[in-house]
Amino acid sequence: MDNIYIVANWKMNGDNIFNRDLLSLIERNSIVSDSSHMIVCPPMPYLHQVNNQKSSYMMLGAQDISQYDNGAYTGETSGTMLADLNIEYVIIGHSERRELYNEDNSVIKDKFSKAIENNIKPILCIGETIEHRNSGQTFDYIHAQIDAIISNNKLDNLKDLIIAYEPIWAIGTGQTATPEIAEEVHAYIRNILLNTDSNLAANTPILYGGSVNSENAEKLFRMENINGALIGGASLKADEFSKIYNIAGELTNE
Ligand code: PEP
């Protein structure tokens with residue numbers, strides 16, 4: 001296995017002391033690997049702190065980006081501001097943003113453009129609800145989410161794309177998709193990319209997200225089209241998170 005990406009989505013959790021302790025415990029427990037890439041995404045107010053306190057092998061990501069450049073958008077954070085803080089990655093279209101803040105594919109397309117304009121690498125989240133899955137709409141739904149980005153961007157804009165497949169029914173529920181269920185969708189996503197460009201298909205990491213922990217990580221990472229994980233709950237537990245990162249490191253060395 002070539003490269004595995006392990007992304008920590010802290011969501012709206014943490015404070016100065018918690019973050020400092022979490023980072024230092026992760027550092028103590030993790031076995032650094034060149035081919036296992038760790039990206040930490042804290043809440044906006046702590047980006048600066050984490051940037052100062054993280055180890056150099058950890059990369060920094062934001063959890064969201066505004067679709068606007070600047071102006072009267074209270075509470076928003078622009079791509080220019082994130083770039084100013086040297087943020088390398090940004091999560092776009094997390095299902096919580098889609099569901100709780102009504103972000104549709106059109107808003108997500110605009111946010112994606114702002115990331116690209118500011119040289120921030122996008123981690124695009126997609127995934128179906130349980131209703132889509134039960135009514136056989138999973139693949140159409142996923143297709144529309146990816147197409148909103150692919151059909152509106154030239155290939156050069158997609159060179160740093162990371163996709164995170166996160167079935168909504170598996171996020172924070174403890175109900176992980178089986179490796180086989182996840183792989184089926186990952187292979188489908190890879191195929192959509194292949195229909196656009198073979199390099200895009202070969203180079204785009206497709207991560208799985210949804211109740212990943214140190215017990216289920218290895219089986220997921222062994223699937224052909226699963227290149228890592230976006231992790232919520234377990235990313236707040238240093239022990240668990242480091243274990244998952246170390247499993248990824250071992251697999252890349254096999
Ligand atoms: C997420 O936040 O994207 C996520 C997958 O959360 P959890 O790991 O808690 O399911």
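The basis for the numbers below is simple: all heavy atoms, side chains too, and nothing from hydrogens, waters or symmetry mates. Everything quoted here is computed from the prediction, not taken from an experiment. Ligands are counted one by one from 1 in listed order, and the atoms in each one are counted from 1 as well.
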May I ask you to decide whether [X] forms a salt bridge with [Y], counting only side-chain N to carboxylate O separations under 4.0 Å?
X: R222; Y: E254; value: yes
X: D69; Y: K114; value: yes
X: R98; Y: E103; value: no

(Q) Looking at S66 and Y68, would you say the former's side chain and the latter's main chain have a donor-acceptor pair under 3.5 Å? (A) yes

Q) Is it true that a side-chain atom of N227 and a backbone atom of I206 form a donor plus acceptor pair closer than 3.5 Å? A)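 Yes, because the side chain of N227 sits within donor-acceptor range (under 3.5 Å) of the backbone of I206.
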
Q. Which heavy atom of the protein is the closest neighbour of atom 5 (C) of ligand 1, given with residue, atom name and distance?
A.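 Among all protein heavy atoms, the one nearest atom 5 (C) of ligand 1 is E166 OE2, 3.1 Å.
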
Q: List the closest protein heavy-atom neighbour of atom 2 (O) of ligand 1: residue, atom name, distance to the nearest 0.1 Å.
A: K11 CE, 2.6 Å

Check for me whether [X] has a heavy atom closer than 4.0 Å to any atom of ligand 1.
X: E96; answer: no
X: A170; answer: yes
X: G210; answer: yes

Q. Backbone, side chain, both or neither: what part of I171 comes under 4.0 angstrom of ligand 1, heavy atoms only?
A.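 For I171, the contact with ligand 1 is made by both the backbone and the side chain.
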
Any idea which atoms of ligand 1 are less than 4.0 Å away from a heavy-atom of [X]?
X: H94; value: 1 (C), 2 (O), 3 (O)
X: G233; value: 7 (P), 8 (O), 9 (O)
X: L230; value: 3 (O), 5 (C)
X: G172; value: 7 (P), 9 (O), 10 (O)

Q.
Please report whether ligand 1 has a polar contact with G232, defined as an N or O pair separated by less than 3.5 Å (distance criterion only).
A.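 By distance alone, the answer is yes.
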
Q. N/O to N/O below 3.5 Å, does that happen between T173 and ligand 1?
A.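 Such a contact does not occur with ligand 1.
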
Q: Not counting sequence neighbours, list each pair that qualifies as a side-chain hydrogen bond (donor to acceptor under 3.5 Å, both in side chains) and has a residue in residues 203-212.
A: none

Q.
Under the criterion side-chain hydrogen bond (donor to acceptor under 3.5 Å, both in side chains), I'd like the reasoning laid out for T176 against N216: C-alpha separation, chi angles, the key distance, then a yes or no.
A. CA-CA 8 Å; T176 329; N216 56 31; 3.1 Å; yes

Q. Listed by chain and number, what are the side chain to side chain contact (heavy atoms under 4.5 Å, CB included) partners of D160, not counting sequence neighbours?
A.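 Scan of D160 (side chain to side chain contact (heavy atoms under 4.5 Å, CB included), adjacent residues dropped) gives K121.
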
